[in-house]
Protein chains: 2
Amino acid sequence: MPESPPPRLDEIDALLLDLLQHDAGRTLHDLGEQVGLSASAVQRRIARYRKDGLIARQVAVLAPHRLGPTVLATVLVTLDQESFEHHRVFSERMCSDPQVQQCYRVAGPWDYVVILAARSMHDCGRLGDRLFKADDNVRRYETLVTFEAVKTGLALPVPASQPSRP
Amino acid sequence: MPESPPPRLDEIDALLLDLLQHDAGRTLHDLGEQVGLSASAVQRRIARYRKDGLIARQVAVLAPHRLGPTVLATVLVTLDQESFEHHRVFSERMCSDPQVQQCYRVAGPWDYVVILAARSMHDCGRLGDRLFKADDNVRRYETLVTFEAVKTGLALPVPASQPSRP
DNA sequence: CGCCGGGACGCAATAATTTTGCGTGCCTGA
DNA sequence: TCAGGCACGCAAAATTATTGCGTCCCGGCG
């Protein structure tokens with residue numbers, strides 16, 4: 001799959017993408033007002049972001065505590081066997097479990113950082129047992145239960161590589 | 001601020017919220033087809049989710065690698081002084097920095113788990129210096145640079161506490 | 001047992017938003 | 001200097017969201 005190079009972005013693109021990352025619910029007209037463009041210009045830019053794969057998808061973010069009690073946890077994991085195949089198997093299990101929010105493969109003594117969402121402390125323990133303790137290839141894991149989600153989001157800083165011409 | 005109790009959700013609500021968490025871009029008609037309701041019924045349910053604060057917001061998720069080179073990292077942080085005020089100051093700095101994606105206050109020897117997005121390895125180092133090394137009250141921090149984002153998202157498992165009547 | 005609300009639904013009308021067509025202006029490169 | 005490409009605004013057209021209304025089903029109560 002030939003990946004085209006990252007598209008050039010001007011200041012308006014950066015502004016627009018930043019707005020969209022924080023609230024994609026506004027109308028094109030609204031967005032246009034914020035960045036000083038017409039609705040159709042905004043629409044065409046956004047269409048381009050999508051075509052370029054810049055915007056991966058659009059999602060609704062739920063408020064955890066409004067779904068009932070929720071326990072979030074970060075789990076650090078070290079595998080035993082490190083073969084390509086073992087990593088693939090582990091990754092796939094993380095991807096396919098809906099209680100796994102995020103999973104990163106990292107450098108250093110730990111192999112993975114996994115973020116879990118559970119319904120209770122008890123459920124969290126069960127989840128850890130199921131995902132990690134029951135896996136022969138997990139050498140060791142450590143669970144960091146969160147007291148408080150200080151900040152959440154997936155927003156990335158958007159670089160404006162080119163000035164926009166006024 | 002009196003928090004009303006979490007609203008009751010039936011199977012259709014769970015299905016709908018799950019769909020919205022993964023792709024909030026579909027039309028009401030489409031969603032209705034998926035869950036077996038009319039567009040207006042779907043619209044009314046979604047309006048209720050919003051009113052109840054169940055859907056916090058709607059955001060666009062960008063593809064990191066399409067923005068140009070991106071380095072993600074997980075940082076484990078332990079504070080020195082643990083007073084309420086010290087925690088507040090730290091939390092606020094995390095919240096206000098756009099390169100901080102997520103920040104969780106956790107139980108155990110580490111106080112915080114912080115997820116960073118940087119433009120390069122070098123930038124990542126500078127960011128760590130700025131956020132943690134320059135902070136007198138950070139006793140110790142450890143950076144886990146990610147090789148690969150295996151799974152990302154903020155989707156929560158939605159419990160269907162009540163059956164829907166057909 | 002029968003008679004009200006209350007709540008959710010579908011359908012259809014209405015309102016709002018998104019998408020497209022078209023003409024214009026500006027920058028770039030020949 | 002002149003053509004080509006590109007992004008823009010405006011306004012029409014298409015699609016989508018929202019609202020009004022009548023119906024149905026369930027639960028509580030006379």
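Letters go in sequence order (proteins before strands), and every chain restarts at 1.
- Summarising the geometry, the separation between CZ on R45(B) and C1' on dA17(D) is reported as 18 Å, rounded to the nearest angstrom.
- Remark: L54(B) CG to R45(B) CZ distance equals 12.5 Å, nearest 0.5 Å.
- The pair R119(A)-D123(A) does not meet the salt-bridge criterion, since no charged nitrogen lies less than 4.0 angstrom from a carboxylate oxygen.
- Screening F132(A), Y141(A), F90(A) against Y112(A) for a ring-ring contact (aromatic ring centres under 6.0 Å, His included) leaves a single residue, F90(A).
- Distance D10(B) CG to dG7(C) P: 15 Å, rounded to the nearest Å.
- A salt bridge links D13(B) with R48(B): the distance from a Lys NZ or Arg NE/NH1/NH2 to an Asp or Glu carboxylate oxygen falls below 4.0 Å.
- Rounded to an integer number of Å, the gap from L16(B) CG to dC9(C) P is 10 Å.
- Between D97(B) and R130(B) there is a salt bridge, since at least one side-chain N of the basic residue sits less than 4.0 Å from a carboxylate O of the acidic one.
- Aromatic ring centres of H87(B) and F147(A): separated by at least 6.0 Å.
- In this structure, I12(A) atom CD1 and dC6(D) atom C1' are separated by 14 Å, rounded to whole Å.
- Residues that satisfy the ring-ring contact (aromatic ring centres under 6.0 Å, His included) test with Y49(B), not counting sequence neighbours, are absent from this structure.
- Less than 4.0 Å separates DNA chain C from at least one heavy atom of each of the following residues of residues 36-44 of chain B: L37(B), S38(B), S40(B), A41(B), R44(B).
- Rounded to whole angstrom, the span from the CZ atom of R48(B) across to the C1' atom of dT18(D) amounts to 17 Å.
- Cluster annotation: V42(A) and V158(A) are assigned to the same hydrophobic cluster (Ile/Leu/Val/Met/Phe/Trp/Tyr, side-chain heavy-atom contacts under 4.5 Å, transitive).
- The stretch residues 23-32 of chain A has no heavy atom under 4.0 angstrom from DNA chain D at all.
- Atoms CD1 (I46(A)) and P (dT17(C)) sit 14 Å apart, rounded to a whole Å.
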